[in-house]
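Right, one structure below, let's go through it.
So you know, we letter chains A, B, ... as the sequences are listed, proteins then strands, and number each from 1.
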Amino acid sequence: MKKIKNLDFLSPLEKDVLTILWLRKSMKVRDIYNILKKKRKVALSSVAVILDRLYERNVVKRRIETARGGIRYIYSPRQDKGGFEKSVIEITVNKLIERFGSRAVSYFNERFTEKGR
Amino acid sequence: MLLQTFTSFFTNPVKLTIFLASFMLALMVFVKIRKTENIKHKILLTYLHLFLLFFPLVFFAFNLSCDMGLLNGFIYHCGIALTKIAIYGITASIILVMVLGYFVIPGVYKKRSREIRGNAINTTIKKYAKKLKISLPRLYLLNLAKPVAFSTKNMIFLSAGLTSLLTKKELEAVLLHELSHIKNRSSVLKLSRLLLKFSPFSNFITLNKELSNEEIKADATVIRIQGTKKYLNSAKLKVSKYCS
C-alpha cells in the first residue's frame, strides 16, 4: 500500500470530505459536494481541489468512470477510519522518535507506566 | 581573406540578384502580413515571409567554400564555420519549432491521454461539429484533476477534472469553444506567432491581437449557439475558482 504523506494537518474541510467518504466508500465529486453543502458553505471547485490534494497525499484513491452519460472521477478512501487513524499515530510517533530519539522513548515509557498504575 | 570570401558571393551578379530579390520579397510579404485581416492569409504569409527571409541566408552559407586548405589560417576557418553554424542553426531551430508544434507536442499529449469513443461527450461534439461544418475531431481524456481543455488540429483534449466539475451544459460550452478554435485554426495561429519571433522584424508585428480576437470569436460562437452566456461564464468561474 502507498504510504500516506504529510498528515500533520487535515483542514476542517478535508476532515469533512474524508468523513463522508468513509461512510459511502466511493463517490463522485458532485455527490460529496451535494452532501457537504447542506452542512457548510462550500463551492464545488473547493471540494474538487480538496479531493485532489487528498489524492496527492495518498489518503484517497480515484478512478475514471466513463459511463455513457459522461466522464468523471470516482474517489474512495485508501483506508477505513481505523486504519487511517493508526497511520496518523504511526507517522506522528515515528516523527517524535526521529526528532528526539531516546528522550521521546523514555517519555513514552514514563507516560505508559504512569497510566498502568 | 575571410572578408574576401564573403564579398566574392556578392560580386557574382546572379547570386546577388537571388539574395536581394528574396530579401525584398520577404519585406513585401511582411508589409502584407500587417495589412491583411484574414487569419488564414496571415498564417500563410508568415511562413512565406520566413522562407523568403532565410532562403538567401542559407543560399549564402551554402556558397561559402571551405576549399582554401587548412594552411590558410585559423581565423578564416573559424569565421566560415561560425557563419555557417549561425545560419544553419537558426534555420534548423525554425524547422524544429514547426515539427514540435505540429507533431511532437500533440503526439506527447495523445500518448498521455486516452481516446474516448461512444460517450455522451462524443455525441455533443458530433452534433456541434456538423453545425459548425468541420470534420469530426477526436476526443482525448487526460488523467488530470486540474480542469483543462485545449485543442489542436482535429483533436480535443479534456481533463477528467474538468468533466467532473462542470455540468452538461457548461461542458457543452467548453466543447463549443474548442470546436470554434479548431474551425479557426487557432493552434496554427499560435505556432505562427512563435515562428514570427525568428524574424528580425518581429518587433513591428505580433499576432497577440489576432489571438485574443480568436478567444473572443470562440466565446461569441458559444453564445450564438447556446443562446446564452450563462453556461460559459459559470464554467469559466468554476475553472478560475479551482485555479485560485
Problem set entry | Residue pair Asn143(B), Tyr73(A): steps toward the side-chain hydrogen bond (donor to acceptor under 3.5 Å, both in side chains) verdict | CA-CA 9 Å; Asn143(B) 188 1; Tyr73(A) 272 135; 2.6 Å; yes

For this session: Go through the atoms of Leu158(B) and report whether side chain, backbone, both or neither lie under 4.5 Å from a heavy atom of chain A.
Result: neither

Exercise. Any side-chain donor paired with an acceptor under 3.5 Å for His177(B) and Thr221(B)?
Worked result: no

Seminar exercise, completed: Interface check, chain A: of Thr124(B), Val239(B), Leu144(B), most non-hydrogen pairs under 4.5 Å belong to Leu144(B)

For this session: Using atom types as modelled and distance alone, determine if a side-chain donor or acceptor of Arg78(A) lies under 3.5 Å from a backbone N or O of Asn58(A).
Result: yes

Problem set entry | Leu141(B) portion near chain A, given a 4.5 angstrom heavy-atom threshold | side chain

Exercise. Checking Thr123(B) side chain against Asn119(B) main chain: does a donor-acceptor pair fall under 3.5 Å?
Worked result: yes

For this session: Taking Thr36(B) for its side chain and Lys42(B) for its backbone only, find out whether a donor-acceptor pair lies under 3.5 Å.
Result: no

For this session: Sequence neighbours left out, what passes salt bridge (Lys or Arg N to Asp or Glu O under 4.0 Å) with Lys169(B)? Give chain and number order.
Result: Glu172(B)

For this session: Could you have a look at Val49(A), Val47(A), Asp52(A) and say which one has the most heavy-atom pairs with chain B under 4.5 angstrom?
Result: Val49(A)

Exercise. So which bits of residues 24-44 of chain A come within less than 4.5 Å of chain B, counting non-hydrogen atoms only?
Worked result: Val29(A), Arg30(A), Ala43(A), Leu44(A)

Exercise. Mind checking whether Phe150(B) and Tyr109(B) have ring centres under 6.0 Å apart?
Worked result: yes

For this session: Side chain from CB out, backbone as N, CA, C, O: work out which of these in Arg117(B) comes under 4.5 Å of a heavy atom of chain A, or both, or neither.
Result: neither

For this session: May I ask you to decide whether Lys183(B) forms a salt bridge with Glu214(B), counting only side-chain N to carboxylate O separations under 4.0 Å?
Result: no

